[in-house]
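As the structure is a prediction and not an experimental result, all values here were calculated from the model. The first residue in the sequence is number 1, and the count goes up from there.
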Amino acid sequence: MRKLNKFISNSTPILGIVMLLIVLGCSVETESVDKNINTLETVLNETFTVPNEELREILEDPNNYTSIGEHEKPALSNNLSLYLEKKYKLHFTEEMYDKYIGTYALSYVTISLEKGEMKMKEVNAEQKENMQNIYDYTAIIDYKRRANTEVKKYEVKGQANFSENGKIAEFIIRTDNNLSMDIISSN
């Protein structure tokens with residue numbers, strides 16, 4: 001009995017330390033997951049919010065574009081570049097930032113700037129099982145074509161992969177349930 005008591009008294013501090021390390025490890029992982037989900041929500045909110053007066057002013061000002069040649073596209077203005085950097089750059093890896101800007105950043109807001117209203121209402125993001133830093137998401141977007149039309153709800157589904165330092169390394173919209181088509185058809 002004395003040996004058992006001695007064993008228990010000697011192992012209690014070690015068990016306490018092990019338990020503390022487990023709890024701390026879990027809280028760090030949870031904090032990382034929460035931070036990634038917050039980043040994803042921020043990006044989706046910026047992507048699916050219209051009207052955006054600051055962006056509208058930048059895009060409507062002809063001084064913000066420069067034509068280089070007859071067959072060349074206008075270059076992005078410095079104001080637009082600064083706006084996009086302010087809204088998105090800190091959330092993405094360098095490579096993904098360029099892809100995101102070219103693919104998604106302006107695709108929904110610019111086609112609906114004229115008349116529509118769009119707002120992200122809710123995001124559900126879940127970390128993929130057994131895949132650290134990979135999240136599937138579903139965002140509920142309210143879209144109203146014009147002031148006197150009814151609001152329609154759309155589910156936008158996709159995936160975001162995060163780097164070890166909490167930046168989005170891959171971003172995909174798999175489906176928007178015809179939101180983009182409805183926006184285009186309303187213009």
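Atom CD of E117 is separated from atom CZ of R145 by 14.0 Å, given to the nearest 0.5 angstrom. One finds the CG atom of N36 at 7.5 Å from the CD atom of Q127 (value rounded to the nearest 0.5 Å). Distance check: I101 CD1 to E85 CD gives 8.5 Å after rounding to the nearest 0.5 Å. Distance check: K87 NZ to T49 OG1 gives 9.0 Å after rounding to the nearest 0.5 Å. Interatomic distance, K119 NZ to N45 CG, rounded to the nearest 0.5 Å: 5.5 Å. Interatomic distance, T39 OG1 to K167 NZ, rounded to the nearest 0.5 Å: 9.5 Å.
The environment of E126 atom CD is sparse: at most 12 non-hydrogen atoms of other residues, nucleotides or ligands sit within 6.0 angstrom.
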I would like to know whether Q159 and K128 meet side-chain contact (heavy atoms from CB on, under 4.5 Å); could you show each step before the answer?
CA-CA 10 Å; Q159 178 179 311; K128 282 195 166 194; 3.6 Å; yes
For L179 and Y143, what are the C-alpha separation, side-chain angles and deciding distance, and is it a side-chain contact (heavy atoms from CB on, under 4.5 Å)?
CA-CA 8 Å; L179 172 60; Y143 175 64; 3.7 Å; yes
For D182 and Y154, what are the C-alpha separation, side-chain angles and deciding distance, and is it a side-chain contact (heavy atoms from CB on, under 4.5 Å)?
CA-CA 10 Å; D182 286 353; Y154 294 84; 2.3 Å; yes
I'd like to know whether I168 forms a side-chain contact (heavy atoms from CB on, under 4.5 Å) with V43, so could you lay out the CA-CA distance, the side-chain angles of the two residues, the decisive distance to 0.1 Å, and finally the verdict.
CA-CA 10 Å; I168 299 173; V43 167; 4.0 Å; yes
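Taking 4.0 Å as the cut-off between side-chain N and carboxylate O, K86 and E46 do not count as a salt-bridged pair.
Ring geometry for Y100 versus F171: interplanar angle over 60°, hence perpendicular rather than tilted (30 to 60°).
When all heavy atoms are compared, the tightest approach of I173 to Y104 is N-OH, 3.1 Å. In terms of heavy atoms, S180 sits closest to Y108 at CB-CE2, 3.9 Å. When every heavy atom of A169 is checked against every heavy atom of S163, the shortest pair comes out as CB-N, 4.2 Å. Scanning all heavy atoms of the two residues, the minimum distance from I37 to A125 falls at CD1-O, 3.9 Å.
Under a hydrophobic-cluster definition in which Ile, Leu, Val, Met, Phe, Trp and Tyr are linked whenever side-chain heavy atoms come within less than 4.5 Å, directly or via other members, I134 and F92 are assigned to different clusters. One hydrophobic cluster, built from ILVMFWY side chains closer than 4.5 Å, holds both M120 and I183. Residues F48 and L106 share a hydrophobic cluster, clusters being chains of Ile/Leu/Val/Met/Phe/Trp/Tyr side chains in contact below 4.5 Å.
Across L82, L84, L80, a single residue satisfies side-chain contact (heavy atoms from CB on, under 4.5 Å) together with I58, and that is L80.
Side-chain contact check for D136 versus R174: some heavy-atom pair is nearer than 4.5 Å. You'll find the side chain of H91 reaches within 4.5 Å of the side chain of T42, heavy atoms only.
Listed by chain and residue number, N52 satisfy the side chain to side chain donor-acceptor pair (under 3.5 Å) test with Y83 (two or more places apart in sequence, or in another chain).
For the residue pair N161 / Y135, no side-chain donor-acceptor distance below 3.5 Å is found, with atom types taken as modelled.
Counting only residues at least two apart or in different chains, salt bridge (Lys or Arg N to Asp or Glu O under 4.0 Å) contacts with residues 91-103 comprise K89-E94. Residue pairs meeting the salt bridge (Lys or Arg N to Asp or Glu O under 4.0 Å) criterion with at least one partner in residues 151-160, sequence neighbours excluded, are D142-K153, E155-K157.
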